[in-house]
There are 2 protein chains.
Amino acid sequence: MSLRYALLALLTAEPLTGYDAAKRFGGSVGFVWHAPDSQIYPELRRMEKEGLIEGEQVRWGPNSTKTRYSITDDGIRAFRDWINAPMDYGPIRDAPHMRAAYFEWADPDCVRENLQRHIDYYTEQRARWAAMRASILDASHPTIATRIEKYPAQEHERIIAYKAFAYQGLVDRATAEIEWAHDGLALVDKLSPPSP
Amino acid sequence: MSLRYALLALLTAEPLTGYDAAKRFGGSVGFVWHAPDSQIYPELRRMEKEGLIEGEQVRWGPNSTKTRYSITDDGIRAFRDWINAPMDYGPIRDAPHMRAAYFEWADPDCVRENLQRHIDYYTEQRARWAAMRASILDASHPTIATRIEKYPAQEHERIIAYKAFAYQGLVDRATAEIEWAHDGLALVDKLSPPSP
DNA sequence: AAAGACTACCTATCGACATAGATAGTTGGT
DNA sequence: ACCAACTATCTATGTCGATAGGTAGTCTTT
């Protein structure tokens, strides 16, 4: 169900075609929520049927049109209700930590490699999240810039502060994961000293 | 696919019925990987068909039997291969942080409630994970005790150390989430001072 | 005018998982 | 003897999402 609200969130900033939305899921929003276009197009149609968004045909070249969706008042209401509603935390499913719990079955070098990959992965993610956070804070991110124009100046601080806060959480988590993996590398070296 | 390896992991400690396995997913393993029994029973049958595990009929009361599964050599090999293989990190889907990025749409009191729930949720989880870690370290956890008996003494340190390490990571993450939510509460108070 | 990249949209299949049941035997306590 | 609680297993339906395609128009560059 969250795809729906991710789409509504995007549409609170500006009207978008399915293709535009899909591109956003490849960057920006995609750093928090991923979705392939094969999910996006049908979901947009469903949302239109339910009146949360409105599609309009827009000329595109001489022989073609595209559908641009805008959020409706019902959509805004639904989005607000969702944000206000209490989160429900789904069941836990954490492959990296589950795997780590059984590292005694692995070859020590593979453990090292896996932990290094963990470090690399979260280092990359952290860089993305930190970059997003920076571009939110100085409003250099195009979507943020567009969004901010739509709302009165006294809202700007809140809009920016909450987004920066969200990404800060992701940065912190990445940092924790990296530290954990470093501890893991030290542990492997202790349990199975590397051969020189 | 990870359910399969979670099941193999359980079966490296001792043979289990589907029901036993399902119970484990309610506790211990369930703190890292969750699965309902409606997934477990069919998966066990599939795994047996593929030769990773072996089911034997065990008497249960005067008029009934149950199926107890044991891991096979092929199963051990498959499990080892999985542990050694490089993790692949799936796409990101983080509802709490996505939601937090749009908190400007929410009622400040709902934001507070949501953040408090976040704190409560991770405080509870952290307690579980910390308790698991403690019962692993002193081998008071029944599954760990059983597991340890099966393997030579020089393996014990590794078995325990990696499991403690895995749960430590989860504890640390929970701590990071709690701190993040606390920062969030401070932010709401700054942006929308509470009415007395 | 043709090639190549990009935009826009759509479909079909598959596995994972959630949810909500049903059935039937067993064990322990009153 | 009976009831409740537990053990053991199975099914059915639906949604979500991954994967891997397909079609067709547009824009840009050569």
Side-chain angles (χ1 to χ4, degrees), chain A residues 1-8 10 15-27 29-30 32-50 53 55-69 82 87-95 98, chain B residues 1-8 10 15-27 29-30 32-50 53 55-69 82 87-95 98:
Chain A
M1 265 294 107
S2 289
L3 170 59
R4 160 161 308 194
Y5 299 103
L7 287 166
L8 287 177
L10 283 174
L16 295 170
T17 64
Y19 187 80
D20 292 334
K23 264 194 304 182
R24 300 274 191 294
F25 278 92
V29 207
V32 208
W33 197 269
H34 170 269
D37 66 336
S38 61
Q39 247 190 298
I40 292 168
Y41 286 107
E43 183 63 26
L44 285 170
R45 269 175 277 150
R46 243 172 284 140
M47 288 162 74
E48 180 171 29
K49 231 186 300 174
E50 295 176 34
I53 59 178
E56 92 194 280
Q57 293 310 115
V58 179
R59 277 244 75 75
W60 176 52
N63 302 311
S64 193
T65 63
K66 56 185 173 178
T67 310
R68 175 157 49 210
Y69 294 99
W82 177 75
M87 253 301 289
D88 62 327
Y89 293 87
I92 293 154
R93 226 164 256 125
D94 190 318
M98 190 198 110
Chain B
M1 267 293 106
S2 289
L3 170 59
R4 160 162 308 198
Y5 298 104
L7 287 167
L8 287 177
L10 284 175
L16 295 170
T17 66
Y19 186 78
D20 291 334
K23 264 194 306 183
R24 300 274 191 295
F25 277 93
V29 207
V32 209
W33 196 270
H34 169 269
D37 67 334
S38 61
Q39 246 190 300
I40 291 168
Y41 286 107
E43 182 64 26
L44 285 171
R45 268 176 278 151
R46 244 172 284 138
M47 287 161 76
E48 180 171 28
K49 231 185 301 173
E50 295 177 36
I53 60 178
E56 95 195 274
Q57 291 313 112
V58 179
R59 277 243 76 74
W60 175 53
N63 303 310
S64 192
T65 62
K66 54 185 175 177
T67 310
R68 174 156 51 209
Y69 293 99
W82 177 74
M87 256 300 291
D88 61 328
Y89 294 85
I92 293 155
R93 225 165 257 124
D94 191 317
M98 190 199 109

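Residue numbering restarts at 1 for every chain, and letters A, B, ... go by the order of the sequence lines. None of these values were measured; they are calculated from a predicted model.
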The side chain of [X] lies closest to which of these nucleotides: [options]?
{"X": "A/Tyr41", "options": "C/dC9, D/dA18, D/dG25", "value": "C/dC9"}
{"X": "A/Lys66", "options": "D/dA12, D/dA18, C/dC9", "value": "C/dC9"}
{"X": "B/Trp60", "options": "D/dG17, D/dA8, C/dC9", "value": "D/dA8"}
{"X": "A/Thr17", "options": "D/dT7, C/dA8, D/dG17", "value": "C/dA8"}
{"X": "B/Pro91", "options": "D/dT11, D/dA18, D/dT26", "value": "D/dA18"}
{"X": "A/Arg46", "options": "C/dC9, D/dC16, C/dA12", "value": "D/dC16"}

In whole angstrom, what separates [X]'s [atom1] from [N]'s [atom2]?
{"X": "A/Glu43", "N": "C/dT11", "atom1": "CD", "atom2": "P", "result": "15 Å"}
{"X": "A/Glu48", "N": "C/dC10", "atom1": "CD", "atom2": "P", "result": "11 Å"}
{"X": "A/Arg59", "N": "D/dG25", "atom1": "CZ", "atom2": "P", "result": "13 Å"}
{"X": "B/Gln39", "N": "D/dA12", "atom1": "CD", "atom2": "C1'", "result": "15 Å"}
{"X": "B/Arg68", "N": "D/dA8", "atom1": "CZ", "atom2": "C1'", "result": "14 Å"}
{"X": "A/Phe25", "N": "C/dA8", "atom1": "CZ", "atom2": "P", "result": "16 Å"}
{"X": "B/Tyr69", "N": "D/dA8", "atom1": "OH", "atom2": "P", "result": "13 Å"}
{"X": "B/Tyr19", "N": "C/dT23", "atom1": "OH", "atom2": "P", "result": "19 Å"}

Smallest separation among heavy atoms of A/Trp33 and A/Ala6, with atom names: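 The answer is CD1-CB, 4.4 Å.
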
Measuring only between side-chain heavy atoms, which start at C-beta, is [X] closer than 4.5 Å to [Y]?
{"X": "B/Lys49", "Y": "B/Arg45", "value": "no"}
{"X": "B/Met47", "Y": "B/Leu8", "value": "yes"}
{"X": "B/Asp20", "Y": "B/Arg68", "value": "no"}

Quick one: label A/Pro42 by what it contacts on the DNA or RNA (base, sugar-phosphate, nothing), any heavy atom closer than 4.0 Å. nothing

Which part of the nucleic acid, if any, lies within reach of A/Asp37 when heavy atoms closer than 4.0 Å are counted: base, sugar-phosphate only, or nothing?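 Base contact - A/Asp37 has a heavy atom under 4.0 Å of at least one base atom.
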
Does [N] have its OP1 or OP2 closer than 4.0 Å to a side-chain nitrogen or oxygen of [X]?
{"X": "B/Arg45", "N": "D/dC10", "answer": "yes"}
{"X": "A/Arg4", "N": "D/dT15", "answer": "no"}
{"X": "A/Arg93", "N": "C/dA18", "answer": "yes"}
{"X": "A/Thr67", "N": "C/dC9", "answer": "yes"}

Quick check on side chain to side chain contact (heavy atoms under 4.5 Å, CB included): which of B/Val32, B/Ile40, B/Asp37 does B/Phe25 satisfy it with?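 Of the listed options, the one satisfying the test is B/Ile40.
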
Using only heavy-atom distances, decide whether a donor-acceptor pair under 3.5 angstrom links the side-chain of A/Ser38 to the base of D/dT19. yes

A/Thr65 backbone acceptor or donor facing A/Gln57 side chain under 3.5 Å: no

Residue whose nearest DNA chain D nucleotide is more 5′ - A/Ser64 or A/Ser2: A/Ser2

Which is more 5' along DNA chain D, the nucleotide nearest A/Leu3 or the one nearest B/Gly18? Just name the residue.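 The residue mapped nearer the 5' terminus is B/Gly18.
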
